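Please read all numbers here as calculations on a predicted model, not as lab measurements. Read the numbers this way: they start at 1 and go in the same order the structure lists the ligands and their atoms.
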Amino acid sequence: MLRRQFSLRGKPLRATLRWSALGLADFFLNGQRVSDGCLLPGWSDYRKRVQVVTADVTQLLDSGANMLGAVLADGWYCGYQLWHGERNHFGEHPQLFAALDIDLQDGSHIRVKTDGTWEMRSSPTISADLYHGEIHDSRLDDPGWCLRKSPRKGWRKAMVFPDYPGHMDPKINEPPRVTEMLAPVTVTPTGPRRYLVDFGQNIAGVCRIWVREPKGRRITLRFAEMLESKDSLYTANLRTAKATDVYICRGGGEEWAPRFTMHGFRYVEISGVTKVPTANSLAALVIHSDMPPTGKFECSHPDLNRLQENIRWGLRGNFLDVPTDCPQRDERLGWTGDAQVFVGTAAFHYDVRRFFQKWMRDLRDGQRSDGAFPDVAPNLLTGFGNAAWADAGVICPWKIYWHYGDTEILRENYQAMKRWLAFVEATSRDLIRPPTSYGDWLAIDAVTPSRAPVPSEFVGTAYFAHTADLMQRIATVLGHSSDARRFATLRDRVRRAFQREFVTPGTRMVGHCQTAYLLALAFDLLPAAKRPVALAHLVDLLQSRNNHLTTGFIGTPLLCPVLSRFGHNDLAYTVLLKETYPSWLYSIRNGATTMWERWNSYTREDGFGPVNMNSFNHYAYGAIGEWMTSVIGGIRPIQPGFRQVLFAPRPGPGVTSASTTLKIAEGTLECHWQLESGRLKIAVHVPAGITARIEPPAGFSGKMPSRIPTGSSAWEFSAPAGHGSMK
Ligand code: BGC
C-alpha cells in the first residue's frame, strides 16, 4: 500500500487524478475508492508503454488534510506469466505513477504526484497473482489506512525508481468491470465445511463472499471449468495455474472479493464455511472489458441459440484488455491467430472498436524491426511472422474499419502493415512462404497440433495473397494509389505462384483436405474456371466424413462462408447442425457453455482431451458466429460501417425463422424472417442515414424494391416450386 497526505487551503474547484502502474493498482482518496473498474490500468507492452487512467476526484477532496493512497500488485507486469513457472517478465518491482491536479477556488493550482514523499507498507493482501490467486488476511485490515488523518505508525518511506522511459498514453479502451453477478445453481456438500458449487456458466472473473465465521478461519476457493467426478474439480488443464483464493476471517459479518486476480471457471470448491453457500453468501462476478453490447441473434433452432450464447460468453471470458486465447490456464495470452479469426464475430456482439484500437498498439509495440509481427501481443514469446497469426496485423484493422466505417485504425496501422507485407515478401522464395508454425492448428487429422494435412507453406502463401489483397484495398481507402497498384500486382503474382506450387493441373491441392480447398476458394486464389472442381473436391471431402468438418483454427472460420457463397448453403447448414463428433453442436450436446479449444476437448469415448493444452473457453471456433448473423441472420454490410446494408437471409434446412439486431452508429438494424408454407416473410428496420436493399434467396419471387425505406417495413417472397424438399 502506498499513500501521501497533503493539505488544501480551501475547497477544490476541480481535481483530476491521472495514474498508471507497472502492475495493477486500486486507488483511494480519503477512504473512498477512486478506480472505476478492475485490474487497472490494464495490460500493455510495459517495455514501451503504459496506459494512463483519468478520474475526476473533485467531490472526494476537502479543505484541510487529505489522503491519497493505492494498493499495488504484480499483475501482468511482474506476476507469473507463461508455463515455465516464472515471473518478472517485464520487470521486477511493481511501480505506481500518479499526478493529482487540483484547482482551488482562490485560483491557485496544486499538483500532488508520486515522489519520495509517499509512504508505504505491506497490505493485508499477502499475495496476489493473476494465475495463482489471492491470499487476504483480513485480521490485518486497517480500514483507516487512507483516511484524512491516519496514524503514521507502521509506514515507511516509499522506494523511488528512475522515471519511466516509455510512453504514457491515455487509456483508450473501456476498463474491465464486473458486468454481471451469477448465483450458485447447485451446491453439493463434499466434506466437512466443504462444498462444490456450480454457477451453470463458464466465465472469467472472481467470487465474492459474505460470511460470518470465527476470527482466523481460512476460507479457500478453488476454481475449475469442469468436474473430474460429481464431487471433485477437474484442474489438470489449468497446468501450473493454482487458481486458488484464500480469505482469512477477522470475525463478524464480512464481505470479500479479490482485486488482483481472475480465474476461468464454472465450478468453485469452497471450504472453511460453516453454512451451506447460497446466493446470499457466494456470487460469481463476471469481469471483462466493459464494451457496449451491440448485437443479438436468435433463431428457431435452440442449439444454434446456445451456440451463439457460447460464442458471446467466449468473448466475455477472453476480452480482458487484451483478446486472450483462454482465461484459465497458465497462458491467457493475446494470441494473434485467435484474434484475427474472431474479430468479425466479436464486432457483432460488442462495440470492440476501441478495444482493438488499443490492442493494435500492443501488436505494433511487439513488431520486430524487420517488420515481423509477434505471435502474441503484448509480446512475451519468441515466435514471429507465423502464417495466419502474424497476419492479424493487417486483418484486424481491416475488419474493424469494415464494421465501424472509421479509417482511423487503418491510418494508425498503415506503416506497420506495410512493413509486415514487406517482410513477407522479402522472406518468401519465389513468392512462396517458408514453413512456419501453427498452420491449420488443431485440425482433426493433424499429427501434432501444428502439423495439419495442409502444409504451413500453403497456409502462409494463401495468407500472403490475402494480406496483399487487403493491403491493396486499404491503400485505396487511404488514397495511396501507387501503393495500391503495387499491392494489387503483388497479390496477382502471389496467386499465380500459389497455383503453380500447390494446385495440380486437375485442380487437386497439396494436402487434399477441407482447409486446402477452403483457403483457395475463400481467398479467391484460383482462376474462375477451376473453382467448380475445387468446390467439388471440398464437397466430396465433407461427404466422405458424413458431412463432418476436419478443419482447425484456420479452415473452420471459412467453412460455412465458402459453402454458402458458392451455392452450397444447405450443406453449410448440414455441417453446422451435425451433433456427432466433430462438430459445433457436439460440444453443446455435452453441456458446453463456452467454446472449446479443441473439437475433442471432451468426448464421450475418451473423456477429456490432451491435458497439456485443453481449454474450455477458447473462442477461435466461435468464428462461425459471423456467418450465423450474416447468412442465417441476414444482415450484411455492403459499405464500411453498414452505411449500405443488404438484408439477405439465407434459410436452410433445420431453421425456419431468425431474428437479428445490430446497433450501429446511426441506430439499430433489424432483420426478422420466418419461412412458413413456402412463404418467406422478412421484417426489417433501417435507421435514418442508412441505405438498405433486400435480396431474397435464389428462386424466391416477390415485390423487391430497389431501396428499403427508412424505419420498419415488411416484405414477403414465395419459395420456388419444390422448395422444402431440400436435403
Ligand atoms: C493457444 C492458441 C494459440 C496457439 C498457437 C496455444 O497454446 O492456446 O490458441 O493460437 O497456442 O498456435
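For R368 and F384, the positive end sits near the middle of the six-membered ring, less than 6.0 Å away and at most 45° from its axis.
Looking from atom 9 (O) of ligand 1 to the surrounding protein, the closest heavy atom is D338 OD2, 2.5 Å. In terms of protein heavy atoms, atom 12 (O) of ligand 1 is closest to Y438 CD2, 3.0 Å. Ranking protein heavy atoms by distance to atom 1 (C) of ligand 1, first place goes to D325 OD2, 3.3 Å. Among protein heavy atoms, atom 3 (C) of ligand 1 sits closest to W335 CD2, 3.4 Å. Atom 7 (O) of ligand 1 has its closest protein heavy atom at E331 OE2, 2.7 Å.
Looking at E225 and N237, their side chains do bring a donor and an acceptor atom within 3.5 Å of each other. Of the N and O atoms on the side chains of Y80 and D74, not one donor lies less than 3.5 Å from an acceptor on the other residue.
When every heavy atom of A443 is checked against every heavy atom of A452, the shortest pair comes out as CB-CB, 3.9 Å. G555 and T515 make their closest contact through CA-OG1, 3.4 Å (heavy atoms, listed as atom of the first residue, atom of the second, distance).
Of the heavy atoms in R332, none comes closer than 4.0 Å to ligand 1.
Taking every heavy atom of F553 and a limit of under 4.0 angstrom, the matching atoms of ligand 1 come to 9 (O). Here is the list of ligand 1 atoms found below 4.0 Å of a heavy atom in E597: 8 (O).
Judged as a side chain to side chain contact (heavy atoms under 4.5 Å, CB included), and not counting sequence neighbours, the contacts of L421 are F464, T467, A468, M471, F487, L490.
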